[in-house]
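Below, each value reflects all heavy atoms present in this structure, side chains not excepted, and no hydrogens, waters or symmetry copies. As the structure is a prediction and not an experimental result, all values here were calculated from the model. Throughout, residue positions are numbered sequentially from 1 according to the sequence presented. Counting starts at 1 for both ligands and their atoms, following the listed order.
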Amino acid sequence: MNIVFITSEAYPFAKTGGLADYSYSLPKALAKRGHTVHLFLPRYYCVDKQKFDCTLIGKPLAVPIGSGIRWSGIYYTSYLEGVHTYFIEHDDYYGRYGLYDYNGVSYNDNAERFIYFCRACIEAIKQLAIVPEIIHCNDWQTACIPLFLNTHYANDYVLKKAKSILTIHNVGYQGVFGKEVLGLMQLSEELFNPENIEFFGNVNLLKAGLVNADNLVTVSKKYAQEIQETEYGYDLAPIFKKYNQKLSGILNGVDYEHWNPETDDFIPYKYSIHNLTGKRKCKKALKNFYGLKNENVPIIGCISRLTYQKGIDILINTLDWLFFDEKEVQFVIVGSGEQWIVDRFEALRAMFPDRIGVWWGYNEKLAHLIEAGSDFYVMPSRYEPSGLNQMYSLAYGTIPIVRATGGLDDSIEQFDEKLKTGNGFKYKNNDSAELYTTIRHALRVYKNKVIMNKLINNAMLFKRSWDDTAKEYEELYNTISQNN
Ligand code: ADP
C-alpha cells in the first residue's frame with residue numbers, strides 16, 4: 001500500500017518521548033513488509049540537514065494559513081531504511097531550540113505552528129504527486145489533517161480516495177486553543193459546534209481528529225476501553241464513546257535490536273534465556289553503581305519520567321511501609337521530571353540510605369543496566385497508554401510489577417504459582433496498599449528459586465516486535481481502505 005505517515009517527532013531526527021520511537025519503528029516495519037511509506041516531519045533546528053543528507057526537492061511550497069500564504073521548502077532524505085522521509089522547512093515556526101517549548105514553557109504560537117504543518121503536509125503530498133491510500137496521523141499536532149481532508153480537500157480527486165487514521169498516544173495532551181484559530185485554519189464558524197471541533201468554548205485539535213478521521217487507534221486495547229470513561233478520557237470520554245465503532249487498540253512493540261540482553265552493548269555482561277550468569281553479574285554491577293551492598297537481596301528497579309501520570313508518589317508511600325516490614329529488599333531508580341517527586345524520594349532515601357539508590361536525570365546506559373540487573377521492575381502508573389519498559393523488562397528476565405492499566409494490562413499476565421503461567425504481577429486499583437500486597441507476593445515467589453526461574457523463563461519467552469504491531473496496522477489499513 002501507499003502510506004503517508006505524519007508525525008511531529010521521529011527518532012533519530014527529533015525526539016522528546018515515546019512518539020519518536022513509535023514514528024521510527026512503525027514506518028520502518030511497514031516498509032519492511034513491502035509497503036511504500038512516506039514520513040513527514042517539521043524541519044526543526046535540531047534536524048541536521050548535513051548529517052541526515054537532506055536535499056531540497058520540488059518547488060517552493062505555498063501553504064495557505066490565516067488570511068494569506070506562507071512559503072516552505074521540502075527536504076528529502078533516504079536516511080531511514082526503506083522510508084521516504086520529508087521535512088517541511090519554515091524557520092519562523094520550526095527553527096527553534098525545543099520542539100514544543102523552550103525550557104518547559106510552551107511556545108505561544110503552537111496552534112499556528114502545527115495547523116501550518118498539517119496544511120503544509122497535504123500541500124506537499126499534492127505537489128509531490130504522492131497518491132496515498134492511507135494518511136496516518138498522530139496526536140493533536142497532526143489531528144487537523146482529517147478535518148482539512150473533509151473540508152478544504154473534500155473534492156480533491158486524489159485525496160478524497162485516501163483514508164485517514166489518527167493514533168492517540170496520550171489523551172493527556174489535546175491541543176486546546178482559543179476560537180481565533182478557526183481563522184488560521186481558514187474554516188467557517190459552522191464547524192464551531194459541539195458535534196465538531198468546539199470544546200467548552202475553545203477549539204480542541206485532538207477532537208477535530210476524533211470526529212473527522214476515518215479511523216482511530218490507541219496504543220493498547222485496554223486504553224481504547226479506558227478512554228471511554230471520564231477517569232482516563234477526561235472531557236473527551238463521551239466523544240470516544242460516540243465514535244467507538246471506529247476505535248481500536250494496537251499495542252506498541254519492542255525494538256529487539258536495541259533491547260536484547262544477548263547483544264546489548266550498554267550492559268557489562270550479556271546473557272540469554274539459556275544462561276542467566278550474566279544477569280547475576282549485572283545485578284552486582286547495578287548494586288555497585290548505586291553503592292548498595294548484599295548481593296543476595298532482591299532488587300526492584302524503576303526507570304521513569306517523574307510526572308503524576310507515573311504514580312511514583314504512590315510507590316513512595318508503599319516503599320515507606322514495605323521497608324519497615326521487609327528487611328530483605330532494595331530499590332533503585334533513574335528518573336527525570338518534577339521536583340516534588342524528587343524531594344519526596346530523597347526524604348524516603350534519607351530513612352533507608354543503604355537500601356535505596358537514586359539517580360536523577362536522563363541516562364540511557366543506566367536504564368539498560370537497571371533492566372538487566374534488577375529482579376523486579378515496578379510501574380505504578382495512574383494510566384499507561386502502551387508502556388514500553390514493562391516489555392523491555394520481560395526481555396531481560398526482570399519481572400514486572402504493574403498496575404493493570406492500558407498497555408500494562410495488555411502485556412502482563414498475572415503469574416499463577418500452581419499453573420506456572422503468567423509473566424508478572426499486577427494489581428487493580430491505584431492504591432499503595434494494593435501495590436504493597438503485590439510486592440510482598442512477588443517477594444515470596446522470589447524465595448522459591450524453582451518457581452522464580454519458571455517465571456523468569458515465561459517472561460523471557462514473551463515477544464512483541466514492531467513487526468507484530470505493523471501486521472495489525474496493515475490489517476486495519478486493508479479493512480478501512482475497502483470501506484467506502
Ligand atoms: P513514556 O513514553 O510515557 O515516558 P514509556 O514506558 O512508553 O513511557 O517509554 C519511556 C521510554 O523512556 C523508555 O524507553 C524508558 O526507558 C525511557 N526513559 C524514561 N525516563 C528515563 C530516564 N530518566 N533515563 C533513561 N531512560 C528513560
Side-chain angles (χ1 to χ4, degrees), residues 7-12 14-26 99-100 138-139 141 167-173 218-220 222-223 226-227 232 249-261 264 266-267 286 289-290 301-312 315 331-339 341-342 345 357-374 377-396 398 400-403 405-412 424 426 464-466 469:
T7 180
S8 59
E9 55 183 276
Y11 177 84
K15 171 168 172 167
T16 68
L19 174 62
D21 292 331
Y22 172 95
S23 304
Y24 161 79
S25 301
L26 182 61
L99 273 52
Y100 316 117
N138 294 280
D139 279 350
Q141 289 89 345
T167 296
I168 301 116
H169 297 262
N170 190 333
V171 184
Y173 304 91
T218 64
V219 286
S220 65
K222 182 75 183 273
Y223 194 56
E226 288 174 335
I227 57 178
Y232 299 92
I250 300 180
L251 190 67
N252 287 344
V254 172
D255 180 348
Y256 288 108
E257 279 173 27
H258 200 62
W259 293 97
N260 176 354
D264 188 339
F266 281 128
I267 59 176
L286 177 67
F289 178 89
Y290 281 103
C302 181
I303 305 157
S304 190
R305 284 189 296 117
L306 304 174
T307 62
Y308 185 74
Q309 177 200 337
K310 300 292 178 180
I312 305 296
L315 175 68
F331 180 84
V332 291
I333 186 168
V334 57
S336 63
E338 294 166 21
Q339 191 59 35
I341 301 175
V342 173
F345 227 111
V358 300
W359 200 97
W360 305 125
Y362 193 92
N363 186 334
E364 190 168 0
K365 188 171 179 205
L366 181 55
H368 283 247
L369 183 61
I370 289 181
E371 289 295 5
S374 304
Y377 185 90
V378 67
M379 281 179 92
S381 306
R382 286 192 165 81
Y383 70 95
E384 195 60 71
S386 168
L388 291 170
N389 276 111
Q390 81 281 12
M391 294 193 276
Y392 301 158
S393 300
L394 293 172
Y396 285 73
T398 299
I401 300 172
V402 304
R403 166 136 191 266
T405 177
L408 301 179
D409 201 27
D410 283 5
S411 54
I412 304 305
K426 53 186 179 181
R464 173 71 185 183
S465 68
W466 280 105
T469 307

Please classify the P385 to ligand 1 contact at 4.0 Å (heavy-atom distances, strictly less than): side chain, backbone, both or neither.
neither
Going by distance only, is there an N or O of [X] that falls short of 3.5 Å from an N or O of ligand 1?
{"X": "W259", "result": "no"}
{"X": "N363", "result": "yes"}
{"X": "G361", "result": "yes"}
{"X": "D21", "result": "no"}

Within the 4.5 Å heavy-atom criterion, are W360 and F345 side-chain neighbours or not?
yes
Can you check whether W359 reaches V332 side chain to side chain, under 4.5 Å on heavy atoms?
no
For [atom], which protein heavy atom lies nearest, and how many Å away is it?
{"atom": "atom 11 (C) of ligand 1", "value": "N389 OD1, 4.2 Å"}
{"atom": "atom 5 (P) of ligand 1", "value": "L388 N, 3.8 Å"}
{"atom": "atom 2 (O) of ligand 1", "value": "G18 N, 3.8 Å"}
{"atom": "atom 17 (C) of ligand 1", "value": "Y362 OH, 3.9 Å"}
{"atom": "atom 14 (O) of ligand 1", "value": "Y392 CE1, 3.4 Å"}

Main-chain N/O of G17 paired with E9 side-chain donor or acceptor, under 3.5 Å
yes
Looking at K310 and E384, does any basic side-chain N land under 4.0 Å from a carboxylate oxygen?
yes
What is the ring orientation for Y11 with Y24, classed by angle as parallel under 30°, tilted 30 to 60°, or perpendicular over 60°?
perpendicular
Under 3.5 Å, is there a donor-acceptor pair linking the side chains of Y22 and S386?
no
Could you walk me through whether N389 and E371 satisfy the side chain to side chain donor-acceptor pair (under 3.5 Å) test, starting with their C-alpha distance in whole Å, then the side-chain angles of each, then the deciding distance to 0.1 Å, before giving a yes or no?
CA-CA 8 Å; N389 276 111; E371 289 295 5; 3.0 Å; yes
Are more than 12 heavy atoms from other residues, nucleotides or ligands located less than 6.0 Å from atom OH of Y308?
no
Using a 4.0 Å cut-off to any heavy atom of R305, which atoms of ligand 1 qualify?
1 (P), 3 (O), 4 (O), 20 (N)
Hey, which atoms in ligand 1 end up nearer than 4.0 Å to a heavy atom of G335?
23 (N)
A student comparing H368, Q390, K310, Q309 should find that the heavy atom closest to atom 3 (O) of ligand 1 comes from K310
Just verifying a value: how many Å separate L388 CG and S411 OG, rounded to the nearest 0.5 Å?
9.5 Å
